[in-house]
2 protein chains.
Amino acid sequence: MTGRKRQNAEARKPAILKAFYQVIEAEGFENASMAKVAKQAGVHASLIIHYFGSKEKMVMALVDHVLQTYTSLFARLPKGGEPQERLERLLSLIWSREWHNAASFSVVFSFLALSQRDPSVMDRVRNLYGHYRRYLLEQMVLLSKAGVIRVDDPKGSAEALISLSEGSHYFCRYHIEPGTFDAHCRHMIRAARTILNATAS
Amino acid sequence: MTGRKRQNAEARKPAILKAFYQVIEAEGFENASMAKVAKQAGVHASLIIHYFGSKEKMVMALVDHVLQTYTSLFARLPKGGEPQERLERLLSLIWSREWHNAASFSVVFSFLALSQRDPSVMDRVRNLYGHYRRYLLEQMVLLSKAGVIRVDDPKGSAEALISLSEGSHYFCRYHIEPGTFDAHCRHMIRAARTILNATAS
DNA sequence: CTATTAATTGAACGTTCATTTAATAAGGGA
DNA sequence: TCCCTTATTAAATGAACGTTCAATTAATAG
């Protein structure tokens, strides 16, 4: 039974990370041991060490993977096209199901807690959202010039928009009653439009 | 050295919880062992078990304590007085330093992660914010009647206000540059006023 | 077919974990 | 003073932890 099937090492890493992710989701970061991850991945714990070097490095690899998920989301934010249509696509992407369900809160919250004491994780989170912030600031200026929105403080408006969207994600996780997600998103988009003093579509 | 000083059991529990809190903040929830908490509190690990029964019960006690901190904050939200002044006090309390620094993010994030898989913790968080939601909804109606704000959907406005404030807490933890906290709060209060269609003070 | 390399396992390591049990010390009431 | 309750420690428990290392198996190259 030993050394049964052979796979490429690099191809197996994502499978192990997925198992790690699942164990965290099911049992919490504090209970996600190497043995449990190995069992979930159908592999021996020593193989994980062989691939990642240590548990800590595996944690960092998963942090990167989760942040990459958000990077991919941010990359889909509209950058061209008609201003009015760009605003619409922007708002409906931020308040979409896939945006809200991008990653497990169990995992994300654990990593945000980790970021509070690990400077390297903090930097990565900061850097990720830095792109988002700069994008929104840029759009505030562009959309304002195009007359689609009216803001006299683009930086403040971008901060408000980020806060509203992040807070909304948080809100949904705790206070949304079944079947009211779409209504909530409509409320938030309306609030966002009000903040931006935008002309309703 | 054994049985040195004697203190009331109930009086010592808070000291142990404080030590637990500090260890989580410094080393993370996943590394906060009984031994470390005992050392931080200057007692033996077995004494902690004697007081709390088990580690899990101690965790729940700390969850309650942290949530109680927020309950105390919410209790300070203005309920009477002139409507216009009430709105001002409401906004400046939500965007105040003490509101933002109410609890360590390391601890809070870990507990929010915990709430995702522990229904009893989830219920407590839900219940805590339920009060906040109901309070804001009530104020939306009252302030609207008084003509201080103009909202046609009080529930949606309350949701937007909560999202904006929660997201702002999150935002500050990652993206605030030194010395810009007050400016950020001014931006957020302004955005809140816009959402509420309030008359500026 | 053989030699080599890399994937994978199995067993063992020392450490730390939460918890239990027994022993000890301190204070309060009689 | 002595006793009883209880706070507190000390020591020991077995399980689980992350990690190491040698052994074993599968693919690959010659």
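Naming convention: chains lettered A, B, ... in sequence-line order (proteins, then strands); numbering from 1 in each chain.
- Computed from coordinates, the A/I48 CD1 to C/dT8 C1' distance equals 12 Å when rounded to whole Å.
- Atoms NE2 (B/H44) and P (D/dA12) sit 12 Å apart, rounded to a whole Å.
- Proximity of A/Y135 to A/K79: side-chain heavy atoms (C-beta onward) are separated by under 4.5 Å at one or more points.
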Please tabulate, for side-chain N and O atoms in residues 103-115 of chain A, each donor-acceptor pair with protein atoms closer than 3.5 Å (sequence neighbours left out).
| residue | atom | partner | partner atom | Å |
| --- | --- | --- | --- | --- |
| A/S104 | OG | A/S106 | N | 3.2 |
| A/S104 | OG | A/V107 | N | 3.4 |
| A/S110 | OG | A/S106 | O | 2.8 |
| A/S115 | OG | A/L112 | O | 2.6 |
| A/S115 | OG | B/Y174 | OH | 2.8 |

Check the interface with nucleotides 16-18 of chain C: list each N/O to N/O pair with the protein under 3.5 Å, or write none.
| residue | atom | partner | partner atom | Å |
| --- | --- | --- | --- | --- |
| C/dC17 | OP1 | B/S33 | OG | 2.8 |
| C/dA18 | OP1 | B/M34 | N | 3.3 |
| C/dA18 | OP1 | B/K55 | NZ | 2.7 |
| C/dA18 | OP2 | B/M34 | N | 2.7 |

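- Other residues, nucleotides and ligands place more than 12 heavy atoms under 6.0 Å from the CD atom of A/Q68.
- Residue A/E30 contributes atom CD, which lies 15 Å from atom C1' of D/dC17 at whole-angstrom precision.
- The bend of the helix from C/dC1-D/dG30 to C/dA30-D/dT1, defined by the angle between the axes of its first five and last five pairs, stands at 0° to the nearest 10°.
- Put simply, A/Y51 has no side-chain N or O that comes within less than 4.0 Å of OP1 or OP2 on C/dA7.
- One interatomic measurement links the two molecules: NZ of B/K57 to C1' of C/dT19, which rounds to 12 Å at whole-angstrom precision.
- Residue B/S46 places no side-chain atom within donor-acceptor reach of the base of D/dA11, judged by atom type and a 3.5 Å distance cut-off alone.
- The side-chain heavy atoms of B/N197 and B/V151, taken from C-beta on, include no pair separated by under 4.5 Å.
- Note: NE2 (A/H50) to P (C/dT5) measures 14 Å, nearest angstrom.
- The main-chain N or O of B/N31 is found under 3.5 Å from a side-chain atom of B/K36 such that the two form a donor-acceptor pair.
- Between A/R190 and B/D152 a salt bridge is recorded (basic side-chain N to carboxylate O distance below 4.0 Å).
- Per the geometry, CZ belonging to B/R12 stands 10 Å off P belonging to D/dA7, to the nearest Å.
- Counting to the nearest Å, the C1' atom of C/dT19 and the CD atom of B/E56 are 14 Å from each other.
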